[in-house]
Amino acid sequence: MIIGSHVSYGRDGLLGSAVEAISYGANTFMFYTGAPQNTIRKPIDMETTKEALKLMQENNIDINSVICHAPYIINLANNKDLSKYEFSINFLKNEIARCEMLGVKWLVLHPGSSVGIEKKDALNNIINALNQVINKDTRVMVLLETMAGKGTELGSSLEEIKYIIDGIEYKDKIGVCLDTCHLNDAGYDLELFDQFLDNFEQIIGISYIKCMHVNDSKNEIASHKDRHANIGFGTLGFDKIWKIINNKRLEGIPKILETPYIGNDDNDKERIYPPYKFEIEMLKNNVFNENLLDDIRKFYKN
Ligand code: FE
Ligand code: FE
Ligand code: ZN
């Protein structure tokens, strides 16, 4: 199983990400090329990048399964403010260039939010933007993430994702990233995951799935909320998630945890302890640990 988590990028760029992923016992990871919520980006340092690639090789992390995630604030769907739309397009072009420099092949992207314009127009804006960004020489595949459908978010139905893919000129450079929390919140029943995959095969085609975000959900099916829970501590539950990530039809696809950090107690607003080392272990061993949160606190406090 190729499994890892979201990691930070920070001062050393990819090197920091790799060190963090290794500390979790992961064999892949997902990173943002800067803060996920802003678009401030530093130039890539090739020296530390080379070091990172060497370290990854020594620790069984294949660069071909490492994922980059574009920042949330890129919105390719809305062109009411043309300068913002163009900013998003340009940022994405640069993000792809950064991935190419790092040797990263996969870039996860939230399709966008329509905010005040017709859904059809918004979807067409996404297509138009992606066709400006993806050309025949692009060496990165853009993975559209399935969304929870919070607010005016697009991409919460397979039909919308399919509509976007249909409009893309270079279809070998577009794929899909499934997010288990988002699928649940969007209204897909993951209890019947094989049926979901049949449905996906019919509408889009399973071969488009290149990455999976593995999250439990704090909310009921079809809640359209998008609040991730730790594995086994949400409405999906440990067994369902274990079955999903071990489904043979998605074998070899990187599975990435984006579950919340843990606070000093359950109500602590300040969440400081990463859960990933423990969640990865749990999923690898197929044993749910109901004391997970306390075990994480103990581990990091010492
Ligand atoms: Fe995402
Ligand atoms: Fe996600
Ligand atoms: Zn989410």
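Here, residue 1 is the first one in the sequence, and each next residue gets the next number. We count ligands from 1, going down the list as the structure has it; atoms in each ligand are counted the same way.
- Considering only heavy atoms from C-beta on, Val214 stays 4.5 Å or farther from Ile256 through its side chain.
- Between Glu95 and Arg98, at least one side-chain nitrogen of the basic residue sits less than 4.0 Å from a carboxylate oxygen of the acidic one, meeting the salt-bridge criterion.
- Taking 4.0 Å as the cut-off between side-chain N and carboxylate O, Lys119 and Glu160 count as a salt-bridged pair.
- At a threshold of 2.8 Å, the Zn ion (ligand 3) has a backbone or side-chain N, O or S atom of His228 nearer than that distance.
- Side-chain atoms of Asn230 and Asp216 form no donor-acceptor pair, as typed in the model, at a separation below 3.5 Å.
- For the Fe ion (ligand 2), the nearest N, O or S atom contributed by His213 is named ND1.
- Note: Tyr273 and Tyr261 fail the aromatic proximity criterion, with ring centroids not under 6.0 Å apart.
- Glu145 contributes atom OE1 as its closest N/O/S atom to the Fe ion (ligand 1).
- The Fe ion (ligand 2) lies closest to atom OE1 when only the N/O/S atoms of Glu258 are considered.
- For the Fe ion (ligand 1), the nearest N, O or S atom contributed by His69 is named NE2.
- Taking the ring centre of Phe87 as origin, the terminal cationic atom of Lys84 falls outside the region bounded by 6.0 Å and 45° from the ring axis.
- Note on His213: not counted as a metal contact of the Zn ion (ligand 3), no N/O/S atom lying under 2.8 Å.
- We find that Lys277 and Asp295 are not joined by a salt bridge, their nearest charged nitrogen and carboxylate oxygen being 4.0 Å or further apart.
- Within Asp179, OD2 is the N, O or S atom that lies nearest to the Fe ion (ligand 2).
- Taking 2.8 Å as the criterion, His110 counts as a coordinating residue of the Fe ion (ligand 1), since one of its N, O or S atoms falls below it.
- Considering just the N/O/S atoms of Asp226, the one nearest the Zn ion (ligand 3) carries the name OD1.
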